[in-house]
Amino acid sequence: VLDLLADTGPEGMLARAARLGAELHARLGDLVGHGVTAVRGTGLWAGVDVDPRAGTGRAVSEALARCGVLVK
C-alpha cells in the first residue's frame, strides 16, 4: 500500500484519484437544483445534500442501489 501511495507519477494512485475526483465533483455539481442542494468533498470522497422533497435518505439510497450506485 505504501508503494502505491508513494507513486507520484501521472498514473499513480493519488493522481488517478485526483483526476477521477474532479470528474466526479463536476458531474455531481450538475445535479444541484435537480434534487441535490449541495455537493462537497475532496478527491473521490463526496458529500451530497439531497433535497428533502426528493425523498428520504433511505429512499434515495435504495433507488441509487438499484442503479448500481452504493451510498451511505
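When reading the values below, keep in mind they use all heavy atoms of this one structure, side chains included, and skip hydrogens, waters and symmetry mates. Numbering of residues begins at 1 and proceeds along the displayed sequence.
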* Side chain His25, main chain Leu20, donor-acceptor under 3.5 Å -> no
* Asked: salt bridge (charged side-chain N to carboxylate O under 4.0 Å, His left out) with Arg58: which residues, sequence neighbours excluded?
  -> Glu62
* For residues Gly29 and Val39, report the shortest heavy-atom separation together with the two atoms involved. => N-CG2, 4.2 Å
* If two hydrophobic side chains count as joined below 4.5 Å and joins carry through other members, does Leu24 share a cluster with Trp45? -> no
* Side-chain touch Val36/Leu28, heavy atoms, less than 4.5 angstrom -> no
* With Arg19, which residues qualify under salt bridge (charged side-chain N to carboxylate O under 4.0 Å, His left out), at least two apart? -> none
* Can you spot which of Val60, Leu64, Val48 makes a side-chain contact (heavy atoms from CB on, under 4.5 Å) with Val71? => Leu64
* **Minimum heavy-atom distance between Gly35 and Ala54, given as atom pair plus value** => O-CB, 4.1 Å
